[in-house]
Visitor: 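One structure coming up, written as structure tokens, with questions to follow.
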Amino acid sequence: MFGIGTKSARLHANAFRNMLGENEHGWGLSHKGVLWHEGVALLYTKRFRENQPTQIGVLFDGIEGTLTFYKDGKCLGVAFRGLDQIDEPLYPIVCSTAAKTEMTLKCTRREFVNLQDRCRAVIMRRVRSAAQLEKLKLPLPIADYLSEVIDEKKPLRQVNQLEMCIMNYDLYEARE
């Protein structure tokens, strides 16, 4: 799992489970493509490929209060909002929910690294949709860069207990 949490997030369990997001202290993405917060599971993206490396990016925007995930360099859209309302410090968290998992942490923190990032943040406070962005008639590279942070996906749906069991069974079968 990948995400963020407060200092009250649980960091250890004696079983493979989705700890990050099991309560109000964590916000996480599992390898099954499911978002977790307050024990609620929402289907967000396709599951990660089994036994193949997957690069996961985590972008926490403390000013906007959003958490966005990237999978193999592709933006998956905003996963969580309202994080600017959390009064406690938030920390990056990675945890394993499966045996024989290997992870490499490449970057732990990044502020705005350049004027371009800062400008995008200001522009995107006013531009909230692809249609609005298209009306600006910007050069394609600029429009593509700005569109990375537009979130027009259909609403996530909650995953029920039966679907979680099926996902677990599929994962078990894939390992056999």
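Positions are given from 1, in the same order as the sequence printed here.
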Visitor: Could you give the side-chain donor-acceptor pairs of residues 69-79 under 3.5 Å, partners two or more places apart or in another chain?
Guide:
residue	atom	partner	partner atom	Å
K71	NZ	K46	O	2.7
K71	NZ	R47	O	3.4
D72	OD1	Q55	N	2.9
D72	OD2	R49	NH1	3.1
D72	OD2	R49	NH2	3.3

Visitor: Would you say that M124 contacts L146 through its side chain, given a criterion of any heavy-atom pair below 4.5 Å between the two side chains?
Guide: yes
Visitor: Considering only distance and modelled atom types, tabulate donor-acceptor pairs under 3.5 Å from the side chains of residues 131-144, sequence neighbours left out.
Guide:
residue	atom	partner	partner atom	Å
Q132	OE1	R128	N	2.6
Q132	OE1	S129	N	3.3

Visitor: Let me confirm one number: the CG-OG1 distance from D61 to T68, rounded to the nearest 0.5 Å.
Guide: 7.5 Å
Visitor: Quick one: do E64 and R81 make a salt bridge, cutoff under 4.0 Å?
Guide: no
Visitor: Is the shortest side-chain heavy-atom distance between R120 and E148 below 4.5 Å?
Guide: yes
Visitor: Run the side-chain contact (heavy atoms from CB on, under 4.5 Å) check on E22 and R10 step by step: do they pass?
Guide: CA-CA 9 Å; E22 69 181 354; R10 183 158 57 138; 2.8 Å; yes
Visitor: Heavy atoms only: give me the nearest L20-C95 pair and the separation to one decimal.
Guide: CB-SG, 4.1 Å
Visitor: Report the residues that fulfil ring-ring contact (aromatic ring centres under 6.0 Å, His included) with H37, sequence neighbours left out, ordered by chain and then residue number.
Guide: W27
Visitor: Please say yes or no: joined through hydrophobic side-chain contacts below 4.5 Å, possibly via intermediate residues, are M19 and I56 part of one cluster?
Guide: no
Visitor: Should we say atom CZ of R125 is surrounded by more than 12 heavy atoms from elsewhere, each under 6.0 Å from it?
Guide: yes
Visitor: So do I93 and F2 actually touch side chain to side chain, heavy atoms under 4.5 Å?
Guide: no
Visitor: Quick one: do K7 and E88 make a salt bridge, cutoff under 4.0 Å?
Guide: no
Visitor: Answer whether the closest heavy-atom distance between the side chains of L67 and V58 falls below 4.5 Å.
Guide: yes
Visitor: Between Y44 and F60, is there shared hydrophobic-cluster membership here, with clusters defined by ILVMFWY side-chain heavy atoms closer than 4.5 Å?
Guide: yes
Visitor: In Å, rounded to the nearest 0.5 Å, how long is the span from CD1 of I4 to CG of L90?
Guide: 4.5 Å
Visitor: Flag the pair I86 / T6 as yes when at least one side-chain heavy-atom distance between them is below 4.5 Å, and no otherwise.
Guide: yes
Visitor: Quick one: CG on N23 to CH2 on W36, what's the gap to the nearest 0.5 Å?
Guide: 12.0 Å
Visitor: Evaluate the side-chain proximity of Y145 to D117: yes if any heavy-atom separation is below 4.5 Å, no if none is.
Guide: yes
Visitor: Check T66 against L83 and note the closest heavy-atom contact, atom names and distance.
Guide: C-CD1, 4.0 Å
